[in-house]
Amino acid sequence: MSSIHASIAAALDEAARKAVAVSQFSSAGTPFSIEDAYRIQAMSIERRCQRGERRIGIKLGFTSRAKMVQMGVDSLIWGWLTNTMVEEDGGSVRLEKYIHPRAEPEICFLTKRDIDRPLTLLEVADHIEAVAPAIEIIDSRYEAFKFTLEDVVADNCSSAGVVVGPWSGKLDALANLGVVLRTDGRVVQTGSTAAILGHPLRSLVQASRVLAAAGTVLPAGSLIMAGAATAAETMAHGNHVSATVGELGAASFHVV
Ligand code: OOG
Ligand code: MG
């Protein structure tokens, strides 16, 4: 652990707290490795926890081709979700909390057992209590929403907000559900849950692997966001944003 990493963690934490973007670090004179990026991420989450925030789960990023193409990045990444990131389904999202937020349609899982080792595809369903349609609000702390893989990992993978729709036990239906993102009723993105690593349950296999590699146990009752099935869309004042995921239903919010 170096003081440079700690100061990058502090700068990213401040950028998120004040909703003011910063310049990239890894591509602008302070190169660091992916391992260092996860150390910086852990330090910035630790700062949030010292202010009283709680970890409530994790999110995966770049589990679909649509997202990799949009951001020009091609490795699966993961970051933490905390309690202050939760926005109410059907409620109002305050634009001023964010820098340049984007919305993307996702699937959220609720765990019913600790995830404490790499799981197989056959085992993952036994660890899940429920599934819900969801919207992730991503908000890169970097200017122009541009980053390298290392920078975005250090920035907790752009995690900023989560809106979780109705929970159900419909795990068997997940293979190929239609995904539709709407802004003010207009369809802005369409896709399929099959775009998420071929099957959203595979995101749980990946989640269990990255957690094990990090030596972290994810406690029962945690959320896991599987990663967006489509590209993300910018949000503006007054927008109504909704994501429908086949028979799982929809999650939505109003931007104020
Ligand atoms: C990074 C986060 C990617 C996803 O669902 O693929 C992500 C970003 O695009 O800013 O959340
Ligand atoms: Mg996402």
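Numbering of ligands and ligand atoms starts at 1, following listing order. The first residue of the sequence shown is numbered 1, and numbering continues consecutively from there.
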Looking only at N, O or S atoms, which one in [X] sits nearest to the Mg ion (ligand 2)?
{"X": "Glu106", "value": "OE2"}
{"X": "Glu104", "value": "OE2"}
{"X": "Glu136", "value": "OE1"}

Please determine if [X] and [Y] form a salt bridge, counting it only when a charged side-chain N lies under 4.0 Å from a carboxylate O.
{"X": "Asp13", "Y": "Arg51", "value": "yes"}
{"X": "Glu123", "Y": "Arg117", "value": "yes"}
{"X": "Glu136", "Y": "Lys59", "value": "yes"}

### Query
Does atom CG of Leu121 have more than 12 heavy-atom neighbours from other groups under 6.0 Å away?
yes
### Message
Taking ring-ring contact (aromatic ring centres under 6.0 Å, His included) as the cut-off, I'd like each qualifying pair that reaches into residues 91-122, sequence neighbours left out, listed once.
### Response
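Qualifying pairs, neighbours excluded: His100-Phe145.
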### Message
Taking Ile115 as the starting point, is it possible to reach Ile45 by hopping between hydrophobic residues whose side chains are less than 4.5 Å apart?
### Response
yes
Under 3.5 Å, N/O to N/O: give me all the pairs between ligand 1 and the protein, one per line with atom names and distance.
unit_1: ligand 1; atom_1: 5 (O); unit_2: Glu104; atom_2: OE2; d: 2.8
unit_1: ligand 1; atom_1: 5 (O); unit_2: Glu106; atom_2: OE2; d: 3.0
unit_1: ligand 1; atom_1: 5 (O); unit_2: Ala228; atom_2: N; d: 2.8
unit_1: ligand 1; atom_1: 6 (O); unit_2: Phe62; atom_2: N; d: 2.8
unit_1: ligand 1; atom_1: 9 (O); unit_2: Lys67; atom_2: NZ; d: 2.8
unit_1: ligand 1; atom_1: 10 (O); unit_2: Ser158; atom_2: OG; d: 2.7
unit_1: ligand 1; atom_1: 11 (O); unit_2: Lys59; atom_2: NZ; d: 3.0
unit_1: ligand 1; atom_1: 11 (O); unit_2: Glu104; atom_2: OE2; d: 2.9
unit_1: ligand 1; atom_1: 11 (O); unit_2: Glu136; atom_2: OE1; d: 3.0

### Task
Over all heavy atoms of both residues, which pair between Gln41 and Trp80 is shortest? Give the atoms and the distance, please.
OE1-CD1, 3.6 Å
